[in-house]
Visitor: 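Quick one: this structure, given as structure tokens, is what I'll be asking you about.
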There are 2 protein chains.
Amino acid sequence: MPSSLISARRLAPRPRTAVQTRVLTTALEMFADYGVSATSYQMIADALGVTKAAIYNKFKTKDELVLAVAEMELARLEDAVEEAEGQDNSETPARLLARVVEHAVEHRRAAHILQFDPVVVRLLSQHPPFQQFLDRLYAALVPGEHEPGARVQLAMLMSAIGGTVTHPLVAGLDDDTLRSELLDRTRQLLDSAKRAKGRPRARRP
Amino acid sequence: MPSSLISARRLAPRPRTAVQTRVLTTALEMFADYGVSATSYQMIADALGVTKAAIYNKFKTKDELVLAVAEMELARLEDAVEEAEGQDNSETPARLLARVVEHAVEHRRAAHILQFDPVVVRLLSQHPPFQQFLDRLYAALVPGEHEPGARVQLAMLMSAIGGTVTHPLVAGLDDDTLRSELLDRTRQLLDSAKRAKGRPRARRP
DNA sequence: GTCTATAGAATGATAGAC
DNA sequence: GTCTATCATTCTATAGAC
């Protein structure tokens, strides 16, 4: 597997000014609070203490703003994926999983929005670079062909990580506890496939 | 545990006319497609071939409409929870889990919205009957006190179920395959707690 | 119950002064 | 780069005729 070719496709590496980053961070907070669709330029501008025209000067449309937020957060995972593609031994998936979980716990709200906000999901599904990045992430997490069982496994992993970190039940848990527990149980999910691969599932009903 | 007392609190049992149900079903479809916040009365009315005033006659506010949709879908799980509360033996959680998974697979889009749409989540969190119902569901799935480990486990279970059924990776899977795979792996998640309970997690860092 | 019509507010987005 | 001001559109919600 020529990792140099794969690594070549980077996720939009365009740099941001400090002011732009402040807008993106504030927008992310409000997206998490109200959902993307219910968050207006006016609300973000008020939170920043500027007018919405000032924000339009930096992000010409709402889609562009949302994509920039998504890009900023997904980019944090890119190093982890590239590292995984560079190694490619039997412990690679577990190490990548740990980094994904860590990222999700540290950026709980962002992880949730990226996975579940209807607007973000629709936008990302329409942008090939994001889809390609997700494909790389999936391939590094669960190598090999993706038969139905592996697809369910991957979908469960991603949903469990993105959904758990903002679930009301864990709102009171500190990051260390949450990361430790979440990592333990997602590891089980990741390992279960290898065991189930050879033998036809035989469970007494 | 006096199950008769618990069963007494029912989730808003108010009946709906056929026309109301048609509105709720259409609304649910559009909520799934665009998100609740981005779905307007106008859009629902157009999809139904009526005017929005006709819908306002049945649901006086958008919040009321959203709550009615959520209520309609959550009510489908109520029988399963009551049955679980009535039995209360060691196999009860697994049986309840099976019914939750079945429901989620059969109503993929509804399950996803109930768990993740920002508007729905906010509304449900403000309505005690829904929270009480969720508490009952959680208690029946994982009996006993809910220390951090159990909370993460429950959050993962619910997130994995609600998130997986609409995940792009499983969009092509038929209901039977998805249910079977999802049930297998959620059972592992449910069982893992019992094993982890006695021993203090000792993993080499 | 459903329609037409509309009120009043907010939205995304732009023009032009400073 | 940020402001004021505005446009066209859409939104939730209501009034009143049929």
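This structure is a prediction, so every number in the text was calculated from the model and none was measured. Residue numbering restarts at 1 for every chain, and letters A, B, ... go by the order of the sequence lines.
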Visitor: Could A/Glu102 and A/Arg179 be called an ion pair, given the rule that one side-chain N must be under 4.0 Å from one carboxylate O?
Guide: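 No, this pair does not count.
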Visitor: Starting at atom CG of B/Leu48, determine the distance to atom P of C/dC3, rounded to an integer number of angstrom.
Guide: 10 Å
Visitor: Return yes if some donor-acceptor pair links the side-chain N/O of A/Ser180 with the main-chain N/O of A/Asp176 below 3.5 Å, else return no.
Guide: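 No; judged by distance alone, with no hydrogens or angles, the pair does not exist.
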Visitor: Rounding to an integer number of Å, can you tell me how far B/Ile44 CD1 sits from D/dA13 P?
Guide: 12 Å
Visitor: Any chance the side chains of B/Asp135 and B/Gln131 put a donor and an acceptor closer than 3.5 Å?
Guide: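 B/Gln131 and B/Asp135 do not have a side-chain donor-acceptor pair below 3.5 Å.
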Visitor: Could you tell me the separation between the OH atom of B/Tyr41 and the P atom of C/dA7, rounded to a whole number of Å?
Guide: 22 Å
Visitor: Heavy atoms from C-beta onward define the side chain here; which of D/dC3, D/dC11, C/dC3 lies closest to that of A/Ala54?
Guide: D/dC3
Visitor: Below the 4.0 Å mark, does D/dC11 have OP1 or OP2 next to a side-chain nitrogen or oxygen of B/Ser40?
Guide: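 Result: yes.
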Visitor: Measure the acute angle between the ring planes of A/His127 and A/Phe130, then classify it against the limits of 30° and 60° as parallel, tilted or perpendicular.
Guide: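 Geometry flag for A/Phe130 against A/His127: perpendicular rings.
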Visitor: Salt bridge check, A/Glu83 against A/Arg99: does any charged N sit closer than 4.0 Å to a carboxylate O?
Guide: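 Here A/Arg99 pairs with A/Glu83 in a salt bridge, since their nearest N and O are under 4.0 Å apart.
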Visitor: Measure the distance from NZ on B/Lys62 to C1' on D/dT10 and round it to the nearest whole Å.
Guide: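 From B/Lys62 NZ to D/dT10 C1': 12 Å.
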Visitor: Using a 4.5 Å cut-off on heavy atoms from C-beta on, say whether the side chain of A/Arg109 contacts that of A/Phe31.
Guide: no
Visitor: Please report the distance, rounded to the nearest Å, between CD in B/Gln42 and P in C/dT4.
Guide: 11 Å
Visitor: Enumerate all atom pairs, one protein N or O and one N or O from nucleotides 14-18 of chain D, separated by less than 3.5 Å.
Guide:
none

